[in-house]
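Down below is the structure, laid out as structure tokens.
Please read all numbers here as calculations on a predicted model, not as lab measurements. Heavy atoms only: backbone and side chains are in, while hydrogens, waters and symmetry mates are out. All chains are named by letter (A, B, ...) in the order of the sequence lines, taking the proteins before the strands, and each is independently numbered beginning at 1.
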Amino acid sequence: MINPLRGMKDLTFEESQRFNFIVNTATTVAKRYGYNYIETPILEETALFKRSVGESSDIVGKEMYQFEDKGGNDVCMRPEGTAGIVRAFVSAKLDRQPMKQKFYYYGPMFRYERPQKGRLREFHQFGCESFGEASVYEDFTIITMIKQIFDALGIGFELLVNSLGCPTCMPTYRENLVAYLTNIKEELCSDCNRRIETNPIRVLDCKNETCQSLLTASPKLIENLCEECDSDFKKLTALLDKADISYTVDTNLVRGLDYYSKTAFEFVSSEIGSQSAIAGGGRYDRLVEFLDGKPTPAVGFAIGIERIMELVKMPETKREGIYMGAMTQEAVEALFPLAEQKRKESKVTVEYNSKGFKSHMKGADKANARYAVLIGEDELKEGTVWFKDLESKEEKSVLLGEFTFKMHLP
RNA sequence: GUGGACGUAGUUCAGCUGGUAGAGCACCUGUUUGUGGCACAGGUUGUCGCGGGUUCGAGCCCCGUCGUCCACCCCA
């Protein structure tokens with residue numbers, strides 16, 4: 001037996017239905033916010049991710065599905081969505097148009113990690129990217145959109161926000177932080193020591209308690225923002241207050257990807273284990289430029305579909321469609337014209353095996369059908385069908401040609 | 001990449017100090033040979049993850065391997 005590869009998963013039945021439900025719900029909301037669907041390749045040049053995600057992240061360093069294709073190109077399965085979307089945006093020269101552009105996408109992402117709860121090697125994200133809008137109003141609007149999506153899905157969450165600063169205030173802060181960290185180097189854990197070199201901001205959200213207690217006195221970016229970043233962040237929190245969206249300012253909140261600046265946010269759930277981030281995003285005003293486009297402000301987010309799968313409450317499934325069956329083999333074929341006609345408007349299941357009456361009734365029940373339509377010897381002789389509404393329990397026999405549900409059942 | 005737990009019927013699990021497997025659910029068939037969801041009766045299903053080893057004998061012990069899960073790491 002051949003099983004799926006490690007960290008890859010098949011989705012069937014209620015799981016695939018829930019998956020669809022999530023995507024459909026998110027799509028509906030995104031469209032209402034003016035987003036258009038964009039589809040980009042799963043395979044991209046490795047250079048794209050090196051330049052966008054950044055070499056400091058483990059994603060690029062060791063988690064990418066990277067290989068040489070048959071034409072000798074250095075390629076990667078995308079580990080996240082934003083880089084590809086921005087690349088497409090620049091490829092289409094949309095950066096040269098004054099129009100603002102908004103895109104939503106969903107699809108598989110690949111990271112070669114050790115699988116655990118909420119972390120697969122092939123996982124799916126739904127995300128949105130808004131280009132050309134520098135106003136913090138857009139950051140706020142995106143947060144309200146995610147809230148709407150989670151509300152529609154019946155998911156509870158906690159919202160964390162922070163500001164990562166911009167090229168004006170971030171580099172100085174970074175230097176100060178590194179200086180501070182280097183001072184207490186000996187007392188920090190080995191992971192943090194590594195991070196001082198690779199990604200000092202990452203030290204801030206270390207889970208080690210000793211590190212955290214040492215960090216209480218560390219310089220905080222939020223207190224060292226430039227005027228513009230500071231005023232934007234204040235505006236954002238004021239808007240959230242006004243909209244009655246509760247949030248926590250988490251000065252240790254960091255985005256893992258290098259391209260973020262200014263607003264950063266994360267939606268977390270306490271109900272799904274250690275991989276608690278169910279959506280994350282923020283502003284990335286410099287990424288378009290990094291990827292050879294004209295400087296274009298942008299803000300976006302992604303939802304981890306697998307991570308919210310078990311949190312989603314599906315609407316109750318009601319009896320739906322028609323089950324058709326026959327008691328004698330000759331009668332089975334008499335069902336086909338009828339089935340074809342009814343399939344123009346509703347779901348029809350035809351049982352090809354002739355079976356006893358009772359066994360058909362059980363079959364109809366199991367198929368969760370609303371109606372059972374059966375033909376036995378008597379019906380075949382008389383040219384009629386017998387049918388029953390499994391919910392109201394009304395039943396009737398009518399001539400085949402006259403058969404419609406509307407006419408015969410309320 | 002690091003640390004830990006676990007892999008037994010379709011599924012959830014039981015299996016005591018080693019003697020070649022069991023339960024619930026699910027499924028199938030019946031309970032007047034034309035009335036579903038309930039109840040009752042009966043029935044089917046396993047190379048006990050895979051490969052070695054120890055032993056007269058292994059689902060139980062040992063080693064390896066693959067996989068799952070949890071945490072770290074990373075991140076959605």
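Remark: A:Arg307 is not in phosphate contact with B:C75, judged by side-chain N or O atoms under 4.0 Å from OP1 or OP2. Neither OP1 nor OP2 of B:G36 sits under 4.0 Å from any side-chain N or O of A:Lys388. The shortest distance between the side-chain N/O atoms of A:Lys9 and the OP1/OP2 oxygens of B:C69 is not below 4.0 Å. Look at A:Gln116 and you'll find a side-chain N or O under 4.0 angstrom from OP1 or OP2 of B:A71. Residue A:Ser274 places no side-chain N or O under 4.0 Å from the OP1 or OP2 atom of B:C70. Residue A:Arg114 places no side-chain N or O under 4.0 Å from the OP1 or OP2 atom of B:C73.
A:Glu289 and A:Thr296 are not linked by any side-chain donor-acceptor pair at a separation below 3.5 angstrom, with hydrogens and angles left out of the test. A:Ser392 and A:Glu394 share a side-chain donor-acceptor pair at under 3.5 Å.
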Nucleotides 64-66 of chain B: which of its N/O atoms have a protein N/O under 3.5 Å away?
none

Between the protein and nucleotides 43-45 of chain B, which nitrogen or oxygen pairs come in under 3.5 angstrom?
none

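A ring-centre distance under 6.0 Å is not found for A:Phe103 and A:Tyr37. No close placement of the A:Phe387 and A:Tyr371 rings is indicated, their centers lying 6.0 Å or farther apart.
Of the candidates B:G34, B:G36, B:C75, B:G36 carries the atom nearest the A:Lys362 side chain, counting heavy atoms from C-beta on. Among B:G36, B:C75, B:C73, the nucleotide with an atom closest to any side-chain atom of A:Asp191 is B:C73. Here the side chain of A:Met327 is nearest to one of B:C75, B:C69, B:G34, namely B:G34. The side chain of A:Glu379 lies closest to B:G34, out of B:G34, B:G36, B:A76. Here the nucleotide nearest the side chain of A:Trp386, chosen from B:C74, B:U35, B:A71, is B:U35.
Across the strands present, B:C38 finds no partner; the criterion is a Watson-Crick or G-U wobble pair with both atom distances under 3.5 angstrom.
The CD atom of A:Glu63 sits 14 Å away from the P atom of B:C72 (whole-angstrom rounding). In this structure, the NZ atom of A:Lys366 is 9 Å from the C1' atom of B:G36, given to the nearest Å.
Closest-nucleotide positions on RNA chain B for A:Gly281 and A:Gly356 were compared, and the one nearer the 5' end corresponds to A:Gly356.
Cation-pi geometry between A:Arg121 and A:Tyr112 is met: the NZ or CZ atom falls under 6.0 Å from the ring centre, inside 45° of the normal.
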Salt bridge (charged side-chain N to carboxylate O under 4.0 Å, His left out) between A:Asp292 and A:Arg51, worked out
CA-CA 10 Å; A:Asp292 306 323; A:Arg51 272 163 71 183; 2.8 Å; yes
